[in-house]
Novice: 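Quick one: structure below, then a few questions.
Quick note: numbers below take in every heavy atom, side chains included, and nothing from hydrogens, waters or symmetry partners. Below, read A as the first sequence line, B as the second, and so on, with proteins coming before strands; counting in each chain starts at 1.
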2 protein chains.
Amino acid sequence: MVIATSSDSQHKSCPHNPEISCGNCRLGAICLPLTLEDEEIVKLDEIVRRGRPLQKGEHMYRTGDDFTAVYAVRSGAIKAYRITGDGEEQVTGFYFPGEIIGMDGISKNKYASSAKALETSAICEIPFSRFEELSRQVPTVQRHFFQLMSQEITSDQQLITLLSKNTADERVASLLVSISARNARRNLSDSNFRLPMSRADIGNFLGLTVETVSRVMSRFSKQKLISINNKDVMLLDINRLKEIASITD
Amino acid sequence: MVIATSSDSQHKSCPHNPEISCGNCRLGAICLPLTLEDEEIVKLDEIVRRGRPLQKGEHMYRTGDDFTAVYAVRSGAIKAYRITGDGEEQVTGFYFPGEIIGMDGISKNKYASSAKALETSAICEIPFSRFEELSRQVPTVQRHFFQLMSQEITSDQQLITLLSKNTADERVASLLVSISARNARRNLSDSNFRLPMSRADIGNFLGLTVETVSRVMSRFSKQKLISINNKDVMLLDINRLKEIASITD
DNA sequence: AGCTATTTTTGATTAATATCAATGCCTTTA
DNA sequence: TAAAGGCATTGATATTAATCAAAAATAGCT
């Protein structure tokens, strides 16, 4: 079985703004989940800093670090997590290329979560003070950042609903479908991908134990909904998975 | 037993900016969970609209309504909720005076949730287009709104952790302690208050059934941690409740 | 005030997932 | 390529909270 890995994540044109090839998309050759104006891209390019690639396991920032920047993922995958009162880890999100992370640091001027690379990853640093300034100068930048924060709120609230109402099957199906959709947005295969995180991370994110995640995935596999080869997954019946995830659309 | 009700919610001075008496705090005589500059208050006052009071059960907005404004609660209590794919309600938050609601509408220009009054409530409408304009003119306004959105993200992520990791006891204790702390911020009793929402709403918010919420509260009552008189609650041992909620601080 | 509908509480049972335990499979490294 | 450590899978049992059912308390209405 040959399955696309996340190292294939380069793509030629931005699906959200086909006018802009990624060679011109200056935010580190990524497409944000927003359609940016040309002016915005140019202005943003002036303040964005491309960092050296992060190795697997390396941190972008940790809880309590001074908040200085938000980050755009260029390649790889990032895990965001918090440490609970009793020292346990709570995964709050997985971030793929084009997604923005670090916005939880704004309120207290310290990051409320930690972010670490699940595999070798490239990120863009967007220094916040310069960005704030830019937001005041360019109306669309401000608007778009409000939208990105609002998207983060919406996705957190979807997770709240998932954790509050859904069974183990529904949670796992939701995650698979969500990753599938995010791959599609980047013009990657929506049915054939690598899960960059461990089963433990998946369980932690979905409020399940490793064992339950493993059992659910085995069962999906027996039911021919997916095909698993360790971290590589193939979605054999996306529509059925969407039904299970109760994504009606 | 005499217990303060939420109609007592007037207070004389803003605990976050004691320089400003609430008579001068122009955002509808409320104190935001931020320290505003005098200039900001004046500017905000120009765009804020005080609406007529909402009756219990009345909606501020519903999922899918065009996004036009964010709202500051002045008095009463508001429940925010979403409707899941299969038509069930998911409560995503309770909002008390001084808190801001509606920010989830920014990303798609439609509200992603609905908001309804749990009791007679007064709200301030902050028309978003005028607010966006103001944010560009007054640096601190922009900064403060970024902070409010970031706070919303943080509190959603705390709820995610609660739903993912905590037992029924811990969840109920957390909610009681959270409401207590929010009352304290408004100079109200932190130990003696009315729960404006039903047990069903509490259960829905905490990912529990009504029956479980009721049982936990009865048990807390037997253990002399709280004293319940239907919607009125007295916290008899806040420190123990904080321990149970695993709020170490 | 009295009647009704709704909400809350309590009890008995069931179902889902966690926990405990063991095995097997990949990956890393010498 | 062999050994070691970590990760994933599978099985047996325990536990928590859900579900089903009914009574008690409260709120709303005339």
Novice: How close or far is atom C1' of D:dA27 from atom CG of B:D232, stated in whole angstroms?
Specialist: 14 Å

Novice: Tell me: CD1 of B:I228 to P of C:dT10, nearest whole Å?
Specialist: 8 Å

Novice: Rounded to the Å, how far apart are A:E170 CD and C:dT17 C1'?
Specialist: 14 Å

Novice: Does NZ or CZ of A:K222 lie under 6.0 Å from the centre of the six-membered ring of A:F220, at an angle within 45° of the ring axis?
Specialist: no

Novice: Considering every strand and a 4.0 Å limit on heavy-atom distances, what is the contact class for A:G203: base, sugar-phosphate, or nothing?
Specialist: nothing

Novice: Looking only at side-chain N and O atoms, does B:T209 come under 4.0 Å of OP1 or OP2 in D:dA18?
Specialist: yes

Novice: Is there a side-chain contact between B:I238 and B:S180 in this structure, where contact means two heavy atoms from C-beta onward sitting under 4.5 Å apart?
Specialist: yes

Novice: Have a look at A:S214 and say if it touches a base, only the backbone sugar-phosphate, or nothing, with a 4.0 Å heavy-atom cut-off.
Specialist: base

Novice: Using the side-chain heavy atoms of B:N230, tell me which of these nucleotides is nearest: C:dA21, C:dT10, D:dA27.
Specialist: D:dA27

Novice: For residues B:K231 and B:S198, determine if any side-chain heavy atom of one lies less than 4.5 Å from a side-chain heavy atom of the other.
Specialist: yes

Novice: Are B:D190 and B:R182 close enough for a salt bridge, meaning some N to O gap below 4.0 Å?
Specialist: no

Novice: Would you indicate, yes or no, if D:dT10 has its OP1 or OP2 atom less than 4.0 angstrom from a side-chain nitrogen or oxygen of A:S218?
Specialist: yes

Novice: Measure the distance from CG on A:N166 to P on C:dT17 and round it to the nearest whole Å.
Specialist: 10 Å

Novice: Round to a whole Å and report the spacing from NZ of B:K222 to C1' of C:dG11.
Specialist: 12 Å

Novice: Hey, does the side chain of A:R215 come within less than 4.0 Å of D:dT9's phosphate (OP1/OP2), counting only N and O?
Specialist: no

Novice: What is the separation between atom CD1 on B:I202 and atom P on D:dA17, rounded to the nearest whole Å?
Specialist: 16 Å

Novice: Answer yes or no: does a side-chain N or O of B:K231 lie under 4.0 Å from OP1 or OP2 of C:dT8?
Specialist: yes

Novice: Is B:N229 near enough to D:dA25 that one of its side-chain N or O atoms lies under 4.0 angstrom from OP1 or OP2?
Specialist: no

Novice: Which residue, A:A168 or A:E211, contacts DNA chain C at a nucleotide closer to its 5' end, judged by nearest heavy atom?
Specialist: A:A168

Novice: Is A:T212 close enough to C:dT17 that one of its side-chain N or O atoms is under 4.0 Å from OP1 or OP2 there?
Specialist: no

Novice: What integer distance in Å separates B:M197:CE from C:dT8:C1'?
Specialist: 16 Å

Novice: Send over the distance from A:L195 CG to D:dA8 P, rounded to a whole Å.
Specialist: 10 Å

Novice: How are the rings of A:Y71 and A:Y111 set to each other: parallel, tilted or perpendicular (split at 30° and 60°)?
Specialist: tilted

